2 protein chains.
Amino acid sequence: MKHERPKISDVARIAGVSTATVSRAISSPDRVSVETRAAVQAAIDSTGYRLNHAARNLRRRRTGGIVALVPNLANPFFSQILSGIASVLGPAGYNLLVADTETAGADSLLDYAEPSRADGLIVLDGRLSADALRGRVPLVEACEWVPGLAAPRIRIDNLAAAELAIGHLHDLGHRRIGHVTGPRGNVLTESRLTGTRAALAARHLVLTDDAIYSGDFSIESGQAVADTWLGQPATSRPTALFFASDAMACGFIGEVQHRGLSVPRDVSVVGFDDIELVAHISPPLTTIRQPRTDIGRRAAERLLAKIVGDPVDEDTILPVELVVRASTCRVGRTG
Amino acid sequence: MKHERPKISDVARIAGVSTATVSRAISSPDRVSVETRAAVQAAIDSTGYRLNHAARNLRRRRTGGIVALVPNLANPFFSQILSGIASVLGPAGYNLLVADTETAGADSLLDYAEPSRADGLIVLDGRLSADALRGRVPLVEACEWVPGLAAPRIRIDNLAAAELAIGHLHDLGHRRIGHVTGPRGNVLTESRLTGTRAALAARHLVLTDDAIYSGDFSIESGQAVADTWLGQPATSRPTALFFASDAMACGFIGEVQHRGLSVPRDVSVVGFDDIELVAHISPPLTTIRQPRTDIGRRAAERLLAKIVGDPVDEDTILPVELVVRASTCRVGRTG
DNA sequence: CTGAAAGCGCTTACAG
DNA sequence: CTGAAAGCGCTTACAG
């Protein structure tokens, strides 16, 4: 049974029609008579013919693939976004290619922006080069964005998110509020820090340098922040911290608990993302929920629209939500 | 500047050679004289020529893509595996296509096993049909496997993992030990349950029905198990539980803590996977570590070897490791 | 509604 | 070391 794969000409011969007709019977059945269609179908069934996508794509000058450029595939934050993307792309007949901007070389990343490689790009990494991306395949940005690149963006309102977090802590009576940032140079880091500063200013509070802790979104960096914070005088250090990622908040909480302190009694913690597990840790984490699946879905839909030439609005801001759990409480005995 | 993309014939014309020579200069430079190579390179630079992969692939009868079939893309467990796969595939010149077997229809999944779609398949979902997969593109299985499908498998020794977990709990003095399973019908569920039963039997203990809790790997199912367990008499219910996933263990711990009990004082908990966060929750989770990045890497390497026709050993069993943290302790006052 | 023919952009025996 | 030519397997104006 190890025959050559049947091709369209085999089907044509058996059905007694031309290859053009077979092609039409497959791609636009309504342009073919009922009888011919049946004959072609019979020939397809009897030969076990299956379309060669590579050939079709070459001829149609498309690839059938969309590439998602992910900053770090190992980061579970992106799994739900990819899931959202996949749920739109699959039914639309596109393949989802995934590339990790961390393990792929810079040059190979550019290869992905080739029309012979992919029909479109979903950029999830704001550190990529605008110049390298400009003028190539259609693209959209999601979550992060590349400054200077004019492309539709699907993102959340990071300023509003900071306002929610700070407002919540302020309402609980906190006045010494700190912020733990993401990695330097990241667009999210900037906007969340700016938002925090503004939200504090609106309440006549100032974000001093010693209340800004620099992290990099990772658990480990949150752990390190615990160290720094514990080293500061209990009477002047923040009584509440707003973290730019849940992972850092978890690392922080784990470490301060390990050192014998209690959350939220000794320090209130607000995270960012609402990743899956944080509702189930002790204490359950108060955090900013990002609609991750939706971000992925919208990004994919937007890209498909752009590919077929529909006019697309340049920016989509998805709503965030403050989820209050048990890692925050009224400012207490400490301080 | 909106020209047609230059093609190989444009480069050939400018370099004053044939397209065959250009092709060789690109693919096998050493078969071309130094001068010619330089001329071709100059022409490539001046035109901005970039290879069309679709055309090359059609001609070479390959696609340059490898598909990973993931049971649930949204599950962070798979993110590190994908990362491992990507780190091998990229440098080898393959695209990584990702398909979610949950959101993709069964028929579209079969499309992925088409030689015109992908050069190979990495199957991460044991529920797929062996008949549908057999005799198509080269494939390997990782983590899970499809019974009856003869393919190289990269997996861990689930029986040995259960032995490690049960041995640890037994060493701590536990005699009433329960097991929380994965979803019914999953191959991992079966082997971990079997392993648990065997490890208990080796210690003259019996796994009774009321000490088997059925979950589905999810956090929520772990939470539900807490409910069941709390409903059992404290004098006869297990003093220790071995969970088939970390997610379930976390759901369980969160819930019993919420109900005012303490882990490990009231119940010892062993998880499975060692996902990122569990070292940082309270208490840090004792668990079985799976080398997820390595599983992905090895699966990709194995597949590439199979594609080029290297003989591949059918099965690779990767070592697991018991990571003892604070969610387990000597059997105590309770019971 | 259908067919003949050109062509998508490469690669690769074959010959020299 | 290099070129002419065939061909990978489709699709699509064009004509009828």
Side-chain angles (χ1 to χ4, degrees), chain A residues 3-41 43-44 47-65 93 111 114-119 137, chain B residues 3-44 47-65 93 95 111 114-119 137:
Chain A
H3 292 299
E4 286 292 294
R5 278 174 73 78
K7 51 184 87 163
I8 207 169
S9 58
D10 297 317
V11 175
R13 186 168 20 79
I14 291 178
V17 297
S18 71
T19 58
T21 298
V22 175
S23 179
R24 282 189 211 102
I26 294 168
S27 306
S28 29
D30 34 294
R31 316 188 114 215
V32 161
S33 77
V34 187
E35 303 81 41
T36 309
R37 210 185 304 159
V40 169
Q41 188 55 53
I44 287 177
T47 53
Y49 169 77
R50 312 224 54 176
L51 181 68
N52 181 317
H53 292 90
R56 160 181 284 186
N57 288 339
L58 174 59
R59 182 54 232 241
R60 288 191 172 166
R61 295 156 151 277
R62 47 160 264 166
T63 72
D111 267 6
E114 280 298 302
S116 77
R117 215 73 181 302
D119 298 332
V137 300
Chain B
H3 292 298
E4 287 292 293
R5 279 173 72 79
K7 51 184 85 163
I8 208 169
S9 58
D10 297 318
V11 175
R13 186 167 21 79
I14 291 178
V17 297
S18 72
T19 59
T21 297
V22 175
S23 178
R24 281 188 212 104
I26 294 168
S27 307
S28 29
D30 35 293
R31 316 190 114 213
V32 161
S33 77
V34 186
E35 304 81 41
T36 308
R37 212 185 304 160
V40 169
Q41 188 55 52
I44 287 177
T47 53
Y49 169 76
R50 311 225 55 178
L51 181 68
N52 181 318
H53 292 88
R56 161 181 282 186
N57 289 338
L58 174 60
R59 181 55 230 241
R60 288 191 172 166
R61 293 155 152 278
R62 47 161 264 167
T63 71
N95 292 320
D111 267 6
E114 280 298 302
S116 77
R117 214 72 179 304
D119 299 333
V137 299

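Order of the sequence lines sets the chain letters (A, B, ...), proteins ahead of strands, with each chain counted from 1. Computed from a predicted model, the values in this text were never measured in an experiment.
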Pair A:Lys7 + A:Asp10: basic N to acidic O under 4.0 Å: no
A:Arg59 CZ to C:dA5 C1', in whole Å, measures 11 Å
Nearest atoms (heavy-atom pairs only) where A:Pro115 meets B:Arg5: CD-NH1, 3.3 Å
B:Arg56 side chain, from C-beta outward: closest of C:dT12, D:dG9, C:dC10: C:dC10
Can a side chain N or O of B:Arg60 be found less than 4.0 Å away from OP1 or OP2 on C:dT12? yes
If you look at every strand shown and take non-hydrogen atoms under 4.0 Å, does B:Ser9 touch a base, only sugar-phosphate, or nothing? nothing
Please determine, for the side chain of A:Ala20, which listed nucleotide (D:dG3, C:dG3, D:dG9) has the closest atom? C:dG3
Side chain to side chain donor-acceptor pair (under 3.5 Å) assessment of B:Ser27 paired with B:Arg56: CA-CA 11 Å; B:Ser27 307; B:Arg56 161 181 282 186; 3.2 Å; yes
Under 4.0 Å, counting only non-hydrogen atoms across every strand here, what does B:Ser27 touch: a base, just sugar-phosphate, or nothing? sugar-phosphate
Send over the distance from A:Arg62 CZ to C:dG7 P, rounded to a whole Å. 23 Å
B:Thr21 to B:Val32 - nearest heavy-atom pair and separation: O-CG2, 4.1 Å
Can you tell me how far C1' of D:dT12 sits from CD1 of A:Ile8, to the nearest Å? 12 Å
On the nucleotide C:dG9, are OP1 or OP2 found under 4.0 Å from the side-chain N or O atoms that B:Arg5 carries? no
Choose from D:dG3, D:dT11, C:dT11 the nucleotide whose nearest atom is closest to any side-chain atom of B:Thr19. C:dT11
When both distances are under 3.5 Å in a Watson-Crick or G-U wobble arrangement, the nucleotide paired with D:dA13 is none
Could you tell me the separation between the CG atom of B:Leu51 and the P atom of C:dC8, rounded to a whole number of Å? 16 Å
Considering only the P atoms, how many Å lie between D:dG9 and D:dA13, rounded to the nearest integer? 23 Å
Using atom CZ of B:Arg31 as one end and atom P of C:dC14 as the other, report the distance to the nearest whole Å. 13 Å
Applying a 4.0 Å non-hydrogen cut-off, can you work out what B:Arg50 is touching in the nucleic acid: base, sugar-phosphate, or nothing? sugar-phosphate
Would you please confirm or rule out a distance under 4.0 Å between OP1 or OP2 of C:dG3 and any side-chain N or O of A:Thr21? yes
Starting from P on C:dC8, measure out to CG on B:Asn52 and report it in whole angstrom. 11 Å
Whole-Å distance separating the CG atom of A:Asp10 from the C1' atom of D:dC10: 13 Å
Of the options D:dT11, C:dA4, C:dC8, whose atoms approach the side-chain atoms of A:Ser23 most closely? D:dT11
Quick one: pull up OG1 in B:Thr63 and CG in B:Asn57 and give me the separation to the nearest 0.5 Å. 6.5 Å
Side chain of A:Ser33 only, heavy atoms from C-beta on: which candidate in D:dC1, C:dT2, D:dA4 is closest? C:dT2
Atom CD1 of A:Ile44 and atom CD1 of A:Ile14: how far apart are they, to the nearest 0.5 Å? 11.0 Å
Looking at C:dC14, D:dG9, C:dC10, which one has an atom nearest to any side-chain atom of B:Arg24? C:dC14
Rounded to whole angstrom units, what separation is found between the CG atom of A:Asn57 and the C1' atom of D:dC10? 10 Å
